[in-house]
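Input: a single structure, listed below in structure tokens.
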Amino acid sequence: MNEQGMQSAEKAVSQVLGAGSITWTSDVNGNFFGWVKLCDSKSLLSIAPPLAEIGARLMTVTAYGNDKFGRIAGHGIAYHFDLDGVVVTVSVCLPDSPPRVPSITPWFQNADWNEREFAELYGIILEDHPNPRRLFLDKGLDAAILDRLVPLSTMMNGASTSTLWEKVFAGKQLPEWTKGENNS
Amino acid sequence: MTSTTYTLPVGPLHVALEEPMYFDIQVEGETVRSVELAAGHVHRGMEALAMQRNYFQNVTLTERVCSLCSNSHPCTYCMAVENLSGILVPQRAQYLRVIADEVKRIASHLFNVGIMAHLTGFDSLFMHAMEIREIMQDAKEGVYGNRMNLGQCIISGCRRDIDDSTGPFLLGQLELLKPQLDELYGVFERDPLIRTRTRGIGLLSFEAAKRHAVVGPVARASGVAYDVRRKAPYAVYPDLDFEVQTDTKGDVHSRALLRLREAVESVKIIKQCLRQMPEGPINIKAIPPIPPGEAVARSEAPRGELFYYLRSDGKDTPQRLKWRVPTYMNWEALQDMLANCQVADIALIVNSIDPCISCTER
Amino acid sequence: MLQFLSKLAPRSPWIYRINAGSCNGCDVEMATTALIPRYDVERLGCKYCGSPRHADVVLISGPLTLRVRDKVLRVYNEIPHPKVTVAVGVCPVSGGCFRDGYSVGADIDHYIPLDVIVPGCPPRPQAIMEGVLKAVEVWRARLEEGICSHS
Amino acid sequence: MTDILEAAFAILIFPGGLFALALGLFLKGTDRKVLARLQRRVGPPLYQPVLDIIKLMTKETLIPSTANEVAFRLAPVLGLTGVLVTAAVMPIGGVWSGVNGLGDLLILLYLLPIPAMGLMLAGGASSSPYGALGFSREMCLMFAYEMPLIASFLAVAVRVGGATGSLLSLPAIMDYQFQHGPLLFDPVMLPAALALILFIPGTMGSGLFDIPEAEPEVIEGPLLEYSGPLLAVFHLMSVVKLVVVLELAVALLCPNPLVAGGGAGVLANLAWHICKCLVLLMVSVTCFRAATGRLRLDQGFSFFVKYTSPLALVSLGLAFMLR
Amino acid sequence: MLPFLKIMLRNLILGPSTDPFPFAPAKTHKNFRGCAVFDPEKCILCGICRHVCAAGAIQLRVSEDGSGMQYMLWHNSCVFCGMCAHYCPTGALTMSDNWHLVHTGAEMFSNCISSFIPFGECAQCGAKIQPRTQAIIDKIGERSPERFLLCPKCKRESIVRNVAKVNHLPAEENP
């Protein structure tokens with residue numbers, strides 16, 4: 001049912017990256033998902049204009065660490081577009097450090113918030129963004145919080161959990177051994 | 001800036017706003033000159049939490065993103081997991097998911113139009129709309145056990161079946177609801193006060209709607225006929241008969257009426273589901289491990305398109321779980337809608353996009 | 001006379017809601033409880049007020065996010081004594097699902113003493129009403145104590 | 001000496017003072033109860049406004065650090081005093097014919113805005129942007145609703161004065177109605193009566209005209225920063241104001257007593273008067289509020305200019321032609 | 001012209017729709033998801049409840065002497081999602097319809113389920129195994145109740161013996 005979207009996406013992408021650069025998957029209801037991989041963040045600038053031209057709608061942008069515990073360096077950013085019911089995800093790898101990425105706001109106005117968000121969460125540097133302020137994070141928090149925090153919290157219990165639980169256990173007049181760290 | 005201009009801080013804890021959000025509004029007399037939106041008050045770092053919790057815990061966690069669309073979130077999350085791991089959800093469970101979604105949609109839309117009446121000071125109408133919503137709240141409590149967080153979706157299906165006792169109960173509540181909903185539509189359509197206050201304000205043209213890429217009822221009221229249930233159907237929506245509601249006026253009034261019409265469509269959908277639902281299991285007992293890879297899933301939440309992106313590295317917690325809620329798209333369009341409006345209309349216009357801050361800021 | 005007043009005063013509990021970063025669930029239920037005919041808290045003398053300075057009973061929901069913390073504390077301090085705090089939902093007490101998030105404070109009790117707790121996610125309106133009634137008891141006890149200590 | 005005592009009695013006990021307060025609280029309680037019924041609620045007990053006042057008396061008074069403290073404390077007191085004085089000059093048909101020389105429509109024109117001025121002072125003193133916004137809204141709306149009030153006053157005066165010229169004294173207006181029947185049933189005065197009935201929700205800020213204290217827009221405007229006893233004084237002021245405007249409308253439109261003569265008749269007349277106030281309250285405040293929401297400031301303003309004022313002017317014109 | 005007037009008039013005639021609560025008990029549907037109820041007799045200490053609990057409301061701690069585990073469910077952290085009850089293999093955890101949970105701030109930390117679950121003992125060697133109360137045997141151990149009471153080691157040995165017996169028999173008959 002979304003043949004047209006597929007075709008125009010195929011055309012726009014292969015125009016820039018050559019044929020076969022988009023792979024397709026589908027779900028049980030016959031909805032198609034296109035996947036494009038870019039290895040250079042600069043090529044984003046060449047693929048954004050043709051996508052904008054065929055009327056793609058930027059749905060959102062996801063940034064991620066190549067490994068969430070930070071054991072492998074590098075980040076990726078996935079740009080999710082909608083073309084009349086077809087979802088095309090363009091993933092960009094950002095191997096260099098510090099990670100940099102050009103802004104696509106000239107073609108997709110609503111990229112504004114998405115870009116600010118990943119910039120503050122992952123410390124990714126945005127080039128040519130019209131309004132690169134913080135979006136959600138409180139001033140008291142460090143930038144790139146997702147990069148730093150996840151390794152820290154690999155211990156299952158965070159600080160406030162253990163304090164609260166100590167109070168719960170303390171209130172019950174249980175034997176001494178219950179008050180130690182969680183040991184099961 | 002002239003001397004008659006002054007700054008009016010709205011929020012973050014403002015009675016008109018259901019949730020903490022903050023605007024600095026430059027006001028000249030009673031007219032708004034510029035609006036500065038500040039976000040982040042409900043930012044709970046949920047995406048980081050989702051990366052620390054395992055796939056089971058994330059069902060509950062995503063349900064708490066926002067309690068007004070609290071079925072769409074876990075449902076779309078489960079769809080993403082199922083897309084990634086190739087789990088086939090039983091047909092009956094698909095129907096149950098649609099029913100839960102539509103029940104939530106009715107309640108959410110009624111809440112929004114009720115709040116609109118409240119913001120115009122029409123408290124009697126607000127109470128009337130909320131009383132009608134109570135019918136749906138009772139249905140949720142009776143069928144699922146909670147008035148807001150249904151806890152219906154799990155990976156591979158649903159938790160609670162609609163059986164011989166809850167099925168007729170739900171149907172009875174719908175029969176009770178339908179005539180009252182129709183009457184309410186008439187009131188909202190014709191009441192002179194509602195018309196005076198809400199028509200022609202918060203305008204969003206078709207072009208602006210396209211430019212801001214708005215979704216959901218906001219887009220549909222501006223003439224953008226995009227409904228994920230039809231454009232990229234999921235669950236059993238292809239087998240169901242309903243109409244995508246659109247309008248072209250793009251003002252506060254048309255958005256409210258559109259929501260009420262959608263609620264009526266939802267009643268229709270639930271009735272069809274209850275009729276067509278096949279027998280069978282409602283979930284799969286053995287869930288395979290989640291393989292490494294990436295997947296996306298979409299659904300039409302009450303406020304518009306909801307999008308989930310899941311990236312797995314094969315462990316029992318997601319490598320990355322990201323979601324984009326409808327308000328995230330609609331929020332920036334407020335800049336257009338609020339331009340040169342009156343102070344008294346700010347709350348009405350903001351409410352007309354049915355803002356869900358806790359969704360947006362996560 | 002004062003004894004008599006302290007009996008009468010808690011029969012007019014005015015309610016104020018603070019949303020400290022909640023997911024809407026408790027918030028919507030509080031609005032439902034406070035404003036709609038089915039529960040009609042006005043028959044208990046309750047009135048929902050828009051300004052913290054008019055409030056007696058404060059309903060708090062949400063896990064107290066970092067960004068909203070100072071603002072919540074400011075609003076809380078604007079409420080005249082004697083005031084009673086009711087935590088609606090489990091988030092203000094323990095953070096619920098959101099505990100250990102990097103921008104969640106979780107133990108609201110550290111900043112604002114919680115007098116009454118209404119567990120639930122979200123609690124049903126009847127439970128919130130029970131919470132308000134409990135808060136009125138706490139308030140009455142406090143008034144009586146205060147008067148005793150004055151005399 | 002007796003004049004002073006009489007005036008003091010009028011201001012402190014009856015018909016101002018205690019009586020007005022009690023009547024006002026009773027009217028307020030009834031209003032809330034009936035409103036609740038119209039919304040399918042049980043509603044608060046009838047004496048709830050009294051409990052509210054008692055509660056507020058036990059609360060702490062907070063004064064915002066940025067506020068002008070003197071003006072902040074003075075505003076409610078000024079408002080209440082003004083409105084109590086106004087209540088004292090209100091005549092009650094068959095019970096009380098007003099303080100000599102004070103019951104004049106011109107004086108009322110000066111006395112009636114005092115509560116609004118108290119609110120404006122409060123809004124200005126609290127130095128919050130919402131207070132300021134409430135202040136400007138109150139002022140704007142006051143201009144709008146004073147116009148039809150003046151016009152209907154004049155219409156009444158001309159009609160009552162007849163060929164001899166206009167009469168502005170309230171006792172004289174009442175006397176006219178005792179002889180010629182209530183003005184409410186005078187077809188010439190019907191438009192003015194309507195304007196007067198619409199003036200009541202305007203000045204009380206209810207229904208369509210709940211603009212200066214609109215909760216979701218300006219968070220109760222001028223009252224935003226008030227707490228404790230000072231807020232209680234404002235509440236008392238508003239209930240007495242309710243009594244004043246209702247009694248004024250009753251005096252202008254239908255002051256006729258139930259029975260003539262003194263003794264037990266006075267009590268019957270008093271009860272009759274309260275009944276009339278209640279009916280007027282139901283029509284112009286309670287039902288009006290239940291059936292409508294609030295207009296925007298500009299819409300509220302033009303409502304008075306477009307509909308209410310012309311109504312009163314029609315009566316005025318007719319009264320002129322027919323005298 | 002005023003469509004709401006009709007509704008208002010009807011409201012007046014129909015009278016209040018207010019629930020009698022709090023002056024009379026409120027109606028509670030039997031499906032209501034209230035606080036969790038724990039039956040220590042049925043718990044096998046598998047920990048699945050803790051695994052699926054997004055709110056971290058469940059804790060299990062092994063006692064010092066290794067004789068059992070302390071089971072704790074803190075209602076003030078529980079988000080009433082019912083995942084624990086859904087995944088509990090023995091039905092030890094269920095969601096009741098009890099919503100009367102209001103308590104004062106002083107009871108904040110004591111509002112919990114606290115139960116000591118002793119480990120079972122292997123019927124053969126006495127090693128500590130998961131609890132084996134009668135309720136559990138009835139629920140999940142009915143296929144071979146004797147073997148169900150053994151520790152993994154003894155269970156393995158018993159299976160091996162059985163297999164050996166089966167394999168051995170024909171060998172003896174055919175010399």
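All of these numbers come straight from a predicted model, not from anything done at the bench. Chain letters run A, B, ... following the sequence lines, proteins first and then strands; every chain starts at 1.
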salt_bridge(D:Glu69, D:Arg73) N-O dist < 4.0 Å:
yes
For residues C:Tyr39 and C:Arg124, is any side-chain donor paired with an opposing acceptor at under 3.5 Å?
no
Are C:Trp139 and C:His81 close enough that their ring centres sit under 6.0 Å apart?
no
Is it the backbone or the side chain of D:Leu231 that comes under 4.5 Å from a heavy atom of chain C, or both, or neither?
side chain
Largest heavy-atom contact set with chain C, pairs under 4.5 Å, which of D:Lys59, D:Arg40, D:Gln48:
D:Lys59
Interface moiety of D:Ile53 toward chain C, non-hydrogen atoms closer than 4.5 Å
neither
To the closest 0.5 Å, what do you measure between CZ (D:Arg294) and CD (D:Gln299)?
11.5 Å
Highest number of heavy-atom pairs under 4.5 Å with chain D: which of C:Pro82, C:Pro37, C:Pro10?
C:Pro37
